[in-house]
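Here the structure is a predicted model, which is why all the values come from computation and not from measurement.
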Amino acid sequence: MTSRFAAGVRLSAIVLRLAAAAALAGVGTLMVWSILPALWGWTPAVVASGSMSPALHRGDVAVTSAPPRGWQPAVGQVVVVPDQVHPGQTRIHRIAGVDENGLLITRGDANGSDDTFRTARTEVRGIGRLLIPGVARAALELGAGHPAPFVGQSVAVLGAFALLRRPARRRHRRTLTSGPW
């Protein structure tokens with residue numbers, strides 16, 4: 001093995017380890033940003049459909065807070081409301097207007113029409129505060145019966161950990177007692 005080739009291999013190993021560290025740092029940062037807002041009383045909500053594209057995508061995490069006292073809804077604001085079409089579930093949609101009774105009209109950005117139900121201001125469960133892109137995508141795919149993205153993401157993370165845990169190779173120096181040159 002020539003010394004140039006060996007230097008290239010060492011450099012490649014260093015670059016690979018740095019890339020693994022950067023990827024893990026990125027994943028860790030996204031996970032922290034998904035959980036940390038709970039200290040402020042904010043709640044993460046996984047975007048489960050594409051109805052809010054292009055602003056929010058399936059697998060994004062929208063961090064919301066409860067509406068403050070005296071909150072006045074604004075057209076264009078992203079809110080979490082009870083889904084009256086699917087009881088027990090919620091919808092993350094944008095306020096499209098307020099009807100003559102003071103009820104909120106909501107709509108998904110990708111939808112061609114307003115939601116079929118109206119929501120009272122007091123029923124709003126959250127106001128959009130922070131968006132963490134793509135964090136929950138693999139988990140949603142797994143829940144939908146498509147394990148490949150979750151398995152791929154898991155293998156990538158475990159591989160990155162393995163690269164970082166692997167001890168760096170030390171150069172072996174030949175001495176007069178170490179044998180043939």
Please output the side-chain donor-acceptor pairs of residues 71-82 that fall under 3.5 Å, not counting sequence neighbours, one pair per line with the distance.
{"residue": "Trp71", "atom": "NE1", "partner": "Gln77", "partner atom": "OE1", "Å": "3.3"}
{"residue": "Gln77", "atom": "OE1", "partner": "Ala74", "partner atom": "N", "Å": "3.2"}

Check: Are the side chains of Thr64 and Ile127 in touch, meaning some heavy atoms are under 4.5 Å apart?
Finding: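 A side-chain contact under 4.5 Å is absent here.
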Next item on the list: Taking the side chain as every heavy atom from C-beta outward, state whether Leu103 and Phe117 have any pair of such atoms under 4.5 Å apart.
Entry: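 With C-beta onward as the side chain, the pair stays apart.
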Give the minimum heavy-atom separation between [X] and [Y], together with the two atoms involved.
X	Y	answer
His57	Pro54	NE2-O, 3.1 Å
Ile92	Val46	CD1-O, 4.2 Å
Gly145	Pro147	O-CD, 3.3 Å
Ala110	Gly50	CB-O, 3.5 Å

Check: Between Asp60 and Gly134, is there a donor-acceptor pair closer than 3.5 Å when you use the side chain of the first and the backbone of the second?
Finding: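 Here the side-chain-to-backbone pair exists.
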Note to self: When you measure from the side chain of Asp99 to the backbone of Asn101, do you find a donor-acceptor pair of N or O atoms at a distance under 3.5 Å?
What the structure shows: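 Between the backbone of Asn101 and the side chain of Asp99 there is a qualifying donor-acceptor contact (under 3.5 Å).
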Check: Can a donor-acceptor pair be found between the side chains of Arg129 and Ser65 at a distance below 3.5 Å?
Finding: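 The criterion, which ignores hydrogens and geometry beyond distance, is satisfied for Ser65 and Arg129.
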Note to self: Run the salt bridge (Lys or Arg N to Asp or Glu O under 4.0 Å) test against Arg58 and tell me which residues pass, sequence neighbours left out.
What the structure shows: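 Arg58 satisfies salt bridge (Lys or Arg N to Asp or Glu O under 4.0 Å) with Glu141 only.
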[X] and [Y]: same hydrophobic cluster, using ILVMFWY side-chain contacts below 4.5 Å?
X	Y	result
Leu39	Val61	yes
Leu131	Met52	yes
Leu56	Leu130	no

Margin query: Please identify which of these residues, Asp109, Thr106, Asp115, meets the side chain to side chain donor-acceptor pair (under 3.5 Å) condition with His93.
Written below: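 That would be Asp115; it is the only one of Asp109, Thr106, Asp115 passing the side chain to side chain donor-acceptor pair (under 3.5 Å) with His93.
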Item checked: Audit row: Val98, Leu104, side chain to side chain contact (heavy atoms under 4.5 Å, CB included) steps and yes/no -> CA-CA 5 Å; Val98 179; Leu104 302 179; 4.0 Å; yes
Next item on the list: Any chance you could measure Leu140, atom CG, to Ser49, atom OG, to the nearest 0.5 Å?
Entry: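 Nearest 0.5 Å value for the CG-OG distance: 10.0 Å.
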Check: Step by step, would you call Gln84 with Gln89 a side chain to side chain contact (heavy atoms under 4.5 Å, CB included)?
Finding: CA-CA 8 Å; Gln84 296 171 18; Gln89 297 182 16; over 6 Å; no
